[in-house]
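Counting convention: from 1, in listed order, for ligands and their atoms alike.
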Amino acid sequence: MKPSTQEDKVIDEGRQGEAIQSTAPARSNGKKLYVESYGCQMNFSDSEVVASIMASQGYETTRNADDADVVLINTCSIRENAETRVRKRLGDFKKRKESNPELVVGILGCMAERLKKSLLEEEKLVDLVAGPDAYRDLPNLVDEVGTGQRAVNVLLSRDETYADISPVRLDQGGVSAFVTIMRGCDNMCSFCVVPFTRGRERSRDPHTIVNECKELFNAGYREVTLLGQNVDSYRWNLSSKGEIKDASQATTNFAQLMEMVALVSPDLRVRFSTSHPKDMTDDVLEVMAKYENICEYIHLPVQSGHTDVLQRMNRGYSREWYFSRIEAIRKYVANCAISTDIISGFCGETEEEHEATLSLMDKVRYEYAYMFKYSERPKTLAERRFDDDVPEDVKGRRLIEIIDKQNSHSLEANKNDIGKVYKILVEGPSRRSAEQYCGRNGRNSMVIFDRNGVEKGQYVLVKITDCTSATLLGEYIETCPSA
Ligand code: 5AD
Ligand code: SF4
């Protein structure tokens, strides 16, 4: 899910405050649910699981918060800004409760565990708090609120993957869907709050993943993005579950899983996010090279270009190791687009270390980047071990230097595409005009072209004729037949 303008990339805090679409359950209980999501793709995918669990109890989802009996805000804790936005939003809903005391307001996701006490007891902003592993309990929690209690479940689980739940698809327009393949994270990058808010890493049964992808394809979807905090550590181990004796056949790793998904149909495009430089294997790259329907795009967050900073960040790789992974990508997957995440002003970052990030960018020449100022998060290793000692103005200036460089690299990459022909999966009308349609190529670039009668969900060939730093413009050539 690329932000659509260069400006969005610069200040990207994930997606913000989007409401899920209206859906009707098979059997209605007459109550309406409004879910608003913040943050990463995983949160948006989780909101679909939540809608599905609530639909099984008869809740209809609505896009209009004014119609709702239950409002759930799916929250993000990754940076302080994200939390500030959610708090402001909760203030709005508190006002609504004054005129509608029956309204149930709850928070879900990453802020749940961290802020349950202050939001529920001290500020009394919400009636219900459910952490990322407690969504099956939501209908009960809502009922508890109905009996006058404040309901909380923030228990993190070692095995919850919601494997058996078919998410209600909410805002993908029937073309592209997210499929969660694992939950939690064990990496403990020192700046990151995710291992605390989302708990231990666990992988989902590969057969349930493949079945979900097949169902999506049969329902008309043409692209899946396999989601995990670190997809390269995906591992399903049957023998540990006592289901198989022969250990050699017992495990499925990410490369194998991706191959299983690629085989669902040559017309189903496969994407994945996020890769980790310390764990990404050549096997994954080989599978990418083998299947045309696996997109030639990798999001490989570097965070910093200096080995000493990477060490303080506890990332588990050096600058040189990162370069060797980039070389491997270039070797196996010709024309692969690479994007990254970069943090400016991490604890103790010197000018020389910052320059190393800029020089790494020059060497790799990313197609896209998500760029952030370091924001200290409670409980993290960095908060406990290091001083957040880079002054705000220095963090800001370094971030601008990183952004300026990325803008010029993105523009250069897009200019380099002029004259090339790409296969685009049509997503629908562009934002500017109903006569212009848009879609992405395998490299994840957004391409805009005159409609020429095409429909969303079709694959078309488009010749690139012009660009900005964020978008490619092209001429429709022809619609591809299905495989
Ligand atoms: N401050 C700034 N950026 C952060 N990220 C994660 N934690 C922090 C933090 N404390 C960024 C990383 C990560 C992306 C999802 O968010 O770059 O890859
Ligand atoms: Fe956070 Fe690191 Fe896990 Fe990503 S890999 S979620 S940055 S701890």
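Interface of Asp341 with ligand 1, defined as ligand atoms under 4.0 Å from a residue heavy atom, comprises 13 (C), 14 (C), 15 (C), 17 (O), 18 (O). Listed by number with element, the atoms of ligand 2 under 4.0 angstrom from any heavy atom of Pro195 are 8 (S). Atoms of ligand 1 found under 4.0 Å from any heavy atom of Tyr374, numbered from 1 in the order shown, are 1 (N), 2 (C), 10 (N).
In Val194, the part holding a heavy atom less than 4.0 Å from any atom of ligand 2 is the side chain. Heavy atoms of Pro301 found under 4.0 angstrom from ligand 2: none, in either backbone or side chain.
Between Ser375 and ligand 1, an N or O atom pair is found at a separation short of 3.5 Å. The distance criterion of under 3.5 Å between nitrogen or oxygen atoms is met by Phe191 with respect to ligand 1. Considering backbone and side-chain N/O of Gln303, one or more are found under 3.5 Å from N/O of ligand 1.
Protein heavy atom nearest atom 6 (C) of ligand 1, with residue, atom name and distance: Ile78 CG1, 3.4 Å. Regarding atom 5 (S) of ligand 2, its nearest protein heavy-atom neighbour is Asn187 ND2, 3.5 Å. Nearest non-hydrogen protein atom to atom 2 (Fe) of ligand 2 is Cys189 SG, 2.3 Å. In this structure, the protein non-hydrogen atom closest to atom 1 (Fe) of ligand 2 is Cys192 SG, 2.3 Å.
Between Phe386 and Phe346, the angle of the ring planes goes over 60°, which puts this pair in the perpendicular group of the 30/60° scheme.
Taking 4.0 Å as the cut-off, Arg315 counts as a neighbour of ligand 2 on heavy-atom distance.
In this structure, of Lys395, Glu80, Arg79, the residue bringing a heavy atom nearest to atom 16 (O) of ligand 1 is Arg79. Of the candidates His276, Met313, Lys373, Met371, the one placing a heavy atom closest to atom 2 (C) of ligand 1 is Lys373. In this comparison of Met313, Gln229, Arg377, His276, the heavy atom closest to atom 6 (S) of ligand 2 sits on Gln229.
With Tyr317 as the aromatic partner, Arg325 does not meet the cation-pi criteria of under 6.0 angstrom to the ring centre and within 45 degrees of the ring axis.
When atom types are taken as modelled, the side chain of Asn74 and the backbone of Asn43 share a donor-acceptor pair closer than 3.5 angstrom. Arg271 contributes no side-chain N or O that, together with a main-chain N or O of Tyr297, makes up a donor-acceptor pair within less than 3.5 Å. Under a 3.5 Å cut-off, the side chain of Glu367 and the backbone N or O of Ile338 do form a donor-acceptor pair. Between the side chain of Thr208 and the backbone N or O of Asp164, no donor-acceptor pair lies under 3.5 Å. Using modelled atom types, one side-chain atom of Arg202 and one backbone atom of Glu160 make a donor-acceptor pair closer than 3.5 Å.
When only modelled atom types and interatomic distance are considered, Gln406 and Tyr366 share no side-chain donor-acceptor pair under 3.5 Å. There is no side-chain donor-acceptor pair under 3.5 Å between Glu320 and Tyr322.
Annotation: Glu355, atom CD; neighbour count of heavy atoms from other residues, nucleotides and ligands within 6.0 Å is above 12.
Residues Phe272 and His299 keep their aromatic ring centres 6.0 Å or farther apart.
None of the N, O or S atoms belonging to Cys185 lies under 2.8 Å away from atom 2 (Fe) of ligand 2.
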